Amino acid sequence: GCGRSARTPSPLGAKEASAPSLEECQRRCLEDGGHCQAVEFRAGEGLCRLLGDGVREMHVSEGSECVWRLGVKRSEVFVMLPLDVISPLKTIRDPTGLERMLDSLQPTGIDGFMVDIWWGLTEASPREYNFAVYKHLFGMAKARDWKVQVVTSFHRCGGNTGDSCNIPLPDFVLEAEDVWYKDAEGRENREYVSLFADEVDIRGRTPLTMYKDWFDAFVADFAAELGSLIVDVMVSLGPAGELRYPAYPLSHWNFCGIGEFQCYDKHALASLGSAALAAGQPDWSSPPPMADVGDYSSHPADTAFFTAGFESEYGKFFLDWYSSALKQHGARVLAIAQKAVAGRAKVSGKVAGVHWWYDYPSHPAEATAGYYNTNSRDAYAEIAEVFANEGAALDFTCLEMTNAEAVEGCHSKPASLVMQVIDAARSSGTEFSGENALPRYDRLAYEQMQGYAEFTHAITYLRLTPTLEEPGNLDLFASFVQALRGAPAIEGAMAAGEAQEATPGVVESAPAPPSPQAVAGS
């Protein structure tokens with residue numbers, strides 16, 4: 001038999017039901033809407049207990065009356081809503097159609113959805129906030145017993161891969177001058193306020209104060225939902241909501257260009273000058289000349305900086321300053337969010353999957369985005385430490401991509417990059433979650449994402465579309481969700497090719513790669 005001494009104590013609130021077998025008991029666990037983490041099955045009584053917490057694995061002797069079994073490691077699964085689900089009129093775009101699409105998702109067993117809460121829609125005038133339409137939207141999740149991930153979208157919607165909307169920042173912010181990222185040619189980017197202007201006065205408030213005021217208003221409006229309905233507050237830390245510089249805007253950049261540094265506005269140049277003086281090198285007060293670093297669509301072999309200059313003392317100084325400014329910005333905004341949320345829900349931030357040129361010594365595309373991942377530096381370990389210090393979870397993109405999908409000549413290794421970030425998160429004790437960078441409906445993409453389940457708290461699928469609703473696509477997606485929740489793997493999963501770099505379940509074989517422009521999505 002199974003005495004109490006051989007088992008972990010039963011968690012409170014366990015559900016009980018009859019079941020003829022352990023397999024049936026486990027199936028009921030998987031169908032329990034994400035609440036069940038483990039089961040106890042008592043064979044002699046035909047009793048199945050669904051447990052809300054995982055338990056230590058315990059196999060007892062044959063013929064025993066009960067079996068404790070650890071629930072298979074599972075990842076929560078969320079689905080991103082369309083970027084334009086909220087219209088510029090602050091209404092739900094096609095609420096009937098959205099209800100129908102959500103109904104089609106419910107049988108798949110997802111845990112909930114993710115939605116952007118746009119700054120440009122919720123604060124039309126300074127300190128005047130309107131979240132009413134989001135309350136209506138959240139009611140749709142509550143009616144289905146789902147949870148919600150929100151993105152506090154302090155960035156513009158429009159201009160990035162996959163953007164289907166045009167939602168700018170609030171007018172009172174856009175009217176400001178000299179607070180925007182600027183490239184070497186003097187072109188401004190108004191997707192997100194420059195981190196170098198975090199403490200610059202704009203009509204009586206700094207951007208950091210504006211973020212604080214917005215968070216305070218959001219928390220006041222949704223205090224009752226934080227932690228119960230709203231489980232993840234993802235903080236927008238840069239363009240596309242990612243902690244990065246706008247180094248590869250689609251208006252100027254072609255895949256697989258290395259991008260351009262974004263540090264030519266007056267506040268960035270002042271910061272660089274101060275850092276150079278502090279280093280005792282006043283001659284280092286300017287960014288590397290464009291003749292040395294190339295333009296948005298250059299390849300590294302065509303540049304002096306990314307073939308040799310990055311290893312010089314000046315190159316190391318500049319890359320350290322540029323990346324450090326990004327990390328400091330992330331820390332400042334995450335701290336504001338944490339103070340406002342006050343532990344009632346998880347706070348997280350997103351890091352971009354800049355996978356092109358990852359397998360090149362200077363990591364140039366990562367460098368222009370702000371990730372210093374060369375010269376024996378580990379950009380992602382440093383970023384993970386920032387997140388850990390602020391008690392924030394780390395979300396990463398491009399989980400669906402295999403190394404074999406890399407476009408020839410671009411030195412891309414997305415799966416290797418993902419594993420570097422996972423290792424960084426684990427080493428720092430930071431919770432890791434992820435998402436696909438591009439809409440994918442094929443078995444290989446699902447298998448690739450499923451391979452990371454062991455390390456991943458949640459996977460957020462991009463995105464809810466009519467294509468996902470198509471019967472064959474929805475069936476495959478449902479199998480993917482169930483696999484992430486501990487059901488048997490997708491039929492044929494992990495059989496598409498050899499596992500890469502000794503990472504169990506992460507496959508390297510691939511169909512014909514997507515278009516070069518598409519592969520660049522993050």
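The structure displayed is predicted, hence computed values, not measured ones.
- Just one residue in the list Trp357, Phe310, Tyr358 forms a ring-ring contact (aromatic ring centres under 6.0 Å, His included) with His363, and that residue is Tyr358.
- No side-chain donor-acceptor contact under 3.5 Å links Glu188 to the backbone of Gly186.
- Between Gly434 and Thr456 the shortest heavy-atom distance is N-CG2, 3.9 Å.
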Decide side-chain hydrogen bond (donor to acceptor under 3.5 Å, both in side chains) for Gln328 and Asp198; before the verdict, give the C-alpha distance in whole Å, the side-chain angles of both, and the deciding distance to 0.1 Å. CA-CA 10 Å; Gln328 290 162 10; Asp198 272 352; over 6 Å; no
Using side chain to side chain contact (heavy atoms under 4.5 Å, CB included), reason through Val150 and Phe113 one step at a time and then give a plain yes or no. CA-CA 9 Å; Val150 300; Phe113 60 66; over 6 Å; no
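- Ion pairing between a basic and an acidic side chain is recognised when a charged N comes within 4.0 Å of a carboxylate O; Lys327 and Glu382 show such pairing.
- The two residues Leu174 and Pro168 make their nearest non-hydrogen contact at CD1-CB, 3.8 Å.
- Using a cutoff of 4.0 Å between basic side-chain nitrogens and carboxylate oxygens, Asp320 and Arg377 are scored as salt-bridged.
- The CG atom of Leu105 sits 6.0 Å away from atom CZ of Phe477, with the distance rounded to the nearest 0.5 Å.
- Using a 4.0 Å cut-off between charged side-chain N and carboxylate O, Glu447 and Arg440 make no salt bridge.
- Between the side chain of Ser433 and the main chain of Ala458, a donor-acceptor pair closer than 3.5 Å is present.
- Listed for the Ser271 side chain is no donor-acceptor partner under 3.5 Å among the backbone atoms of His267.
- Here Arg485 does not pair with Glu76 in a salt bridge; the nearest charged N to carboxylate O distance is not below 4.0 Å.
- Contact annotation: the side chain of Phe218 approaches that of Leu226 to within less than 4.5 Å [non-hydrogen atoms, C-beta and beyond].
- Screening Tyr360, Tyr380, Trp356 for a side chain to side chain donor-acceptor pair (under 3.5 Å) involving Glu366 leaves a single residue, Tyr380.
- The shortest side-chain heavy-atom distance between Met114 and Val148 does not fall under the 4.5 Å cut-off.
- Between Ile167 and Arg156, every side-chain heavy-atom pair lies at or beyond the 4.5 Å cut-off.
- Residues Asp395 and Glu435 form a side-chain contact, since some pair of their non-hydrogen atoms from C-beta on lies under 4.5 Å apart.
- Leu399 places none of its side-chain heavy atoms less than 4.5 Å from the side chain of Gln448.
- Scanning both residues, Trp118 and Ser153, for their nearest heavy atoms gives CE3-CB, 3.3 Å.
- Contact between Met419 and Tyr452 at its shortest, heavy atoms only, is SD-CE2, 3.7 Å.
- The number of heavy-atom neighbours closer than 6.0 Å to CZ of Arg426, taken from other residues, nucleotides and ligands shown, is 12 or below.
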Can you list the steps and then say if Glu390 with Glu385 is a side chain to side chain contact (heavy atoms under 4.5 Å, CB included)? CA-CA 9 Å; Glu390 301 304 332; Glu385 282 296 330; over 6 Å; no
Please evaluate residues Leu121 and Ile86 with respect to the criterion side chain to side chain contact (heavy atoms under 4.5 Å, CB included), reporting the C-alpha separation (whole Å), side-chain torsions for both, the decisive distance (0.1 Å), and the verdict. CA-CA 9 Å; Leu121 294 181; Ile86 306 299; 3.8 Å; yes
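- The distance between the ring centers of Trp321 and Phe261 does not fall below 6.0 angstrom.
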I'd like to know whether Glu191 forms a side-chain hydrogen bond (donor to acceptor under 3.5 Å, both in side chains) with Asn189, so could you lay out the CA-CA distance, the side-chain angles of the two residues, the decisive distance to 0.1 Å, and finally the verdict. CA-CA 6 Å; Glu191 291 182 64; Asn189 184 302; 3.0 Å; yes
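- Rounded to the nearest 0.5 angstrom, Thr397 OG1 and Lys350 NZ are separated by 7.0 Å.
- Classified by interplanar angle (parallel below 30°, tilted 30° to 60°, perpendicular above 60°), the ring pair Phe255/His355 is tilted.
- When ring centroids are compared, Trp119 and Tyr211 come within the 6.0 Å threshold.
- Here Tyr461 and Phe78 keep their ring centres 6.0 angstrom or further from each other.
- Geometrically, Arg244 engages Tyr248 in a cation-pi contact defined by less than 6.0 Å to the ring centre and at most 45° from the axis.
- With contacts defined as side-chain heavy-atom distances shorter than 4.5 Å, the pair Val351/Leu394 qualifies.
- Looking only at distances, no side-chain donor or acceptor of Tyr192 sits under 3.5 Å from a matching main-chain atom of Gly241.
- With Tyr296 as reference, Asp183 is the one residue of Asn254, Asp183, Thr368 to meet the side chain to side chain donor-acceptor pair (under 3.5 Å) rule.
- Interatomic distance, SG of Cys165 versus CG of Asp116, reported as 8.0 Å (0.5 Å rounding).
- In terms of modelled atom types and a separation under 3.5 Å, the side chain of Asp292 and the main chain of Ala304 share no donor-acceptor contact.
- Contact between Ala345 and Ile230 at its shortest, heavy atoms only, is CB-O, 3.6 Å.
- In this structure, Ser427 contributes its side chain and Ala424 its backbone to no donor-acceptor pair below 3.5 Å.
- Within the 3.5 Å criterion, the main-chain N or O of Ala388 finds no donor-acceptor partner in the side chain of Ser428.
- At distances below 3.5 Å, not a single donor-acceptor pair connects side-chain atoms of Ser297 with backbone N or O atoms of Gly257.
- Side-chain contact between Asn403 and Pro414 is present, with at least one heavy-atom pair separated by less than 4.5 Å.
- Residue Trp214 is tested with Thr122, Thr152, Thr209 for a side chain to side chain donor-acceptor pair (under 3.5 Å); the sole match is Thr122.
- Formation of a donor-acceptor pair under 3.5 Å by the His329 side chain with backbone atoms of Leu237 is found in this model.
- Below 30°, between 30° and 60°, or above 60°: for Phe396 and Phe432 the angle between ring planes is between 30° and 60°, a tilted geometry.
- Between Ala369 and Val354, the closest heavy-atom pair is CB-CG2, 4.2 Å.
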Might you work through the side chain to side chain contact (heavy atoms under 4.5 Å, CB included) test for Lys316 and Tyr372, ending with a clear yes or no? CA-CA 9 Å; Lys316 294 175 181 177; Tyr372 188 8; 3.7 Å; yes
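- Tyr245 contributes a side-chain N or O that, together with a main-chain N or O of Tyr322, makes up a donor-acceptor pair within less than 3.5 Å.
- The structure places NZ of Lys266 at 15.0 Å from CZ of Phe196, a figure rounded to the nearest 0.5 Å.
- Atoms CG and CG, on Leu137 and Leu98 in that order, are 6.5 Å from each other to the nearest 0.5 Å.
- Remark: Arg443 does not engage Glu400 in a salt bridge, criterion side-chain N to carboxylate O under 4.0 Å.
- Residues Ser348 and Asp232 have side chains that bring a donor and an acceptor to within less than 3.5 angstrom of each other.
- Using a 4.5 Å heavy-atom cutoff, the side chains of Glu123 and Val173 are not in contact.
- In this structure, CE in Met290 is found 7.0 Å from OG in Ser298, a value given to the nearest 0.5 Å.
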